[in-house]
Asker: 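For reference, the structure I am asking about is given below.
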Amino acid sequence: MAGNFRTRRSAALSAPALLLLSLLAAGPAIQADTGFAAARYREDVNGDGKVNIVDAIALILLGRQDPGDPAADYNGDGVYTIADAVALVLSIMSGSLTPVQDEPLPGEAEHRELPPGAVAVSGPGSYAGPGTTYMLTRDVSSPASAIFLGNDVTLDLNGYTVSFADGGYEQVPNYGFEQGLEGWDLSGAPNARVEDAGTVQTFTGEKILRLPYGEEIASAYITLPVADRSYYAVCGVASSDMRVTINVDDESGKPVYCSFVFGGNVRVTCPETDRAPKLGGGIVFAHLHGLPAGKYRVRVKAQTNCLIDEVDIRPALDVGIGIVDQTYPWAYYKCILDGDYTAFFDYTEQGTTSMPAGSVPRVEGPGTITVRNGVVRSGPVGIRSWGLQSTAGQAVVVLENVRFVSSGINANAVDVPAAVIRNCRFEMDAPFIIDRHRISDQPVALRGETASEVSDCQFIGGQGCLTVAGRGSQVNGSLFVNRQMATNHYSINVSGDGTHIFDNRFEPETGSGIFISARNVEVYRNNFVVSSSPPTCEYGHEDYSVNAVRISDYNARPGSAEAAYGNRVYGNVFRITGRDYPLRPSYVPMVYAVFLSVGGGANYIYDNEVVVEHLDPGSKAEAAAFYLGSSDNGGEWYGNTLTSNVPAVWVASRYGSAARAKFCSNTFIKAENAPESYKPVRMGWGSATAKDIEFRSNVFEGSDFAVEATGQDHSYSVFWTLTVEVLDRAGNPLADEQVVVTDNAGSEVATGKTDGAGEFAAELIEYQAAGSERACRTPYTVAAAGMVQEANLDRNTRITVKQQ
């Protein structure tokens, strides 16, 4: 389904297609959720396991790119037209879905007999013989971490499944308050009440609990069936201004006390007292470890007035497959707020802070570890787990034809220094994240400096999809269906210089595409379909943007280590849909194709095709193709084709001022449904000011160049190309003829000789704006072949001078 997806340039969406999308968005929600493991349907055009409005958009894009593609001919009449998209929508609305037998999902493989030399694996454990191929002969399950590998081994899953954290774990009944207060002890919280998250505060479900200061709730008891392992007692807290205390009681009602000892230090890990999440809201937790199996409950006390959700006790810190050089036992709550890395807490040799337990093979030095042909799956809903985790800094992990399935808070798939990942699928059901500032906490984190490769993969769900830190990495041929509700968890977060991202499809269900904080990254031949996000926990009552591509160093100084520059975004196709969420009057949804907030150097955005369709253009919602704010180095934007029914470019925006941006030879197309007041460029917001902006030789279809500007002291210049054709008396091109151009003050501004076609061209300024003042240089006077002619330059202009 992902394949080597190569984007082709195509015309803008037709008016019927735009009308269809408008009707879809304005109408009732349309979705048939097929689930990850359910049958697949012909109507699932984008292959994300769901059937909904996104598939209608995908079909339109497919048909526009290649009308002859049989997959675009939904109604079977032999050719793609808008009627195919209409038929698809009607099928979705009526629930008339067509099951199909398509290519097997990654991880599906026939069970094979063991080849000579392979070693059979029928249960969890350690497998560490260098040069050995280990092969599953049955499904493998473990109540904790399942398999540990040594260096230079191959694990062939042989079409079977490795299940980890699969120990019959219970969850706190009604942990998300979706059934009101059922099952909760409210003797210490007489004023607690459940409210509607949709109107009050977005978090992980439809309900949220308001817990007043000083009040405490207690859960029902649940059984923790496995002794001497890690659990997290968790509480989702909506804001960094809200603080809670988390206690856990054993079945006798006695409070549980846990601590982590290292050297002469003792850190209490349970209870967690008077704790808040970081900015954006998150999950506060108490780390339980070293406890006997038995019944336990969680108590949460509000240290301020609080909005809370997702209160539970869950298995934590498990892996399906572990590759260990050293351990990182920094697992208690303050560690995650401090940014400390955590791995293999339960497998750390007692009395040390990095030595793996003797039962775990240690992987030191360079090597290659391969896993292929099967499924790695977590057990019940957990927290902070990994399908595969490696701390072997010099070992490269190769993953081929593996499907990872996991659910829970920070329930991720792969965390390794470097990897080659081919034909894999990552199905992540993660409603939220502990700390949104930890950008590497994504389903697949390739966190080392060594180059990695990801190709022909499918990323379905998750708070973000992929982190790439290695220099010179590449990501291609893959599908990204992000379900982002936590800030900055993009489909791909790129911090590795020189990374190439190409031939991918970005179709987030909610959220954004690519975040670049590096240098010399290239993004090309990708297809993006991005829509405004619903309200999030952090940004539910103010403005919030999602973006197909964002490049940011937060306006760093040139020459600083943080500077992001030399990045190139080119040859991509963007479909951007803006919409409002009127039920949340204080929320301003925003969506952009490319968002630039850079100070450290120039970046280049060129030869892209962008269509912006704002479904509610008169509302508080915002949309644009290009968005610049807090950007003293505004980049170079050229050769792009921008079709929009709202201003396509916004310079100096809600995010801040912008300077030194160049817009050259772009084509701005006014969409058919644009209002009469449409202007192609917007400039300024509040105190945000645009400085030294250049508009050079752009083409405008359906409108003239115009700026919708605030009253700030903006400065910008407008240039056009003047082409002079010189003919002799017989009307033939006159080559090598001198041409002199002077401005309206009589100053000579361009001179040269005509080429073999009798033409001379020069880019000349129309006017320079500074605040409310305009310094105009047009009309221009052209002298050639003994003739003098005037040219009024307010667009790219061609004149003919004929010798008399």
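Here the structure is a predicted model, which means the values were calculated and not measured.
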Asker: Using modelled atom types only, decide if a donor and an acceptor are shared between the side chain of D166 and the backbone of F164 within a distance under 3.5 Å.
Answerer: no
Asker: Can you list everything that forms a ring pair (Phe, Tyr, Trp, His ring centres under 6.0 Å) with F528? Sequence neighbours excluded, please.
Answerer: F506, F574
Asker: If you count heavy atoms of other groups shown closer than 6.0 angstrom to CD of E108, is the number above 12?
Answerer: yes
Asker: State which residues pass ring pair (Phe, Tyr, Trp, His ring centres under 6.0 Å) with Y544; sequence neighbours excluded, sorted by chain then number.
Answerer: Y539
Asker: Do D309 and T204 meet the criterion of a side-chain donor-acceptor pair at a distance under 3.5 Å?
Answerer: yes
Asker: Is it possible for you to check whether R550 lies under 6.0 Å from the centre of the six-membered ring of Y655, through NZ or CZ, and within 45° of that ring's axis?
Answerer: yes
Asker: Does the side-chain hydrogen bond (donor to acceptor under 3.5 Å, both in side chains) test come out yes or no for E613 and T577, once each step is laid out?
Answerer: CA-CA 5 Å; E613 170 70 356; T577 302; over 6 Å; no
Asker: Would you say the side-chain atoms of K50 pair up with the backbone N or O of D44, donor to acceptor, closer than 3.5 Å?
Answerer: no
Asker: Run the salt-bridge test on E195 and R210 with the 4.0 Å N-O cut-off and return the result as yes or no.
Answerer: yes
Asker: Between E622 and R654, is the closest basic N to carboxylate O distance under 4.0 Å?
Answerer: yes
Asker: Decide, yes or no, whether a salt bridge links R525 with D503 under the criterion of side-chain N to carboxylate O below 4.0 Å.
Answerer: yes
Asker: Any ion pair linking R575 and E507 (charged N to carboxylate O, less than 4.0 Å)?
Answerer: no
Asker: For Y627, check ring pair (Phe, Tyr, Trp, His ring centres under 6.0 Å) against everything at least two apart and list the hits.
Answerer: Y592, F595, W650
Asker: Decide whether H500 and Y524 meet the rule of one side-chain donor and one side-chain acceptor closer than 3.5 Å.
Answerer: yes
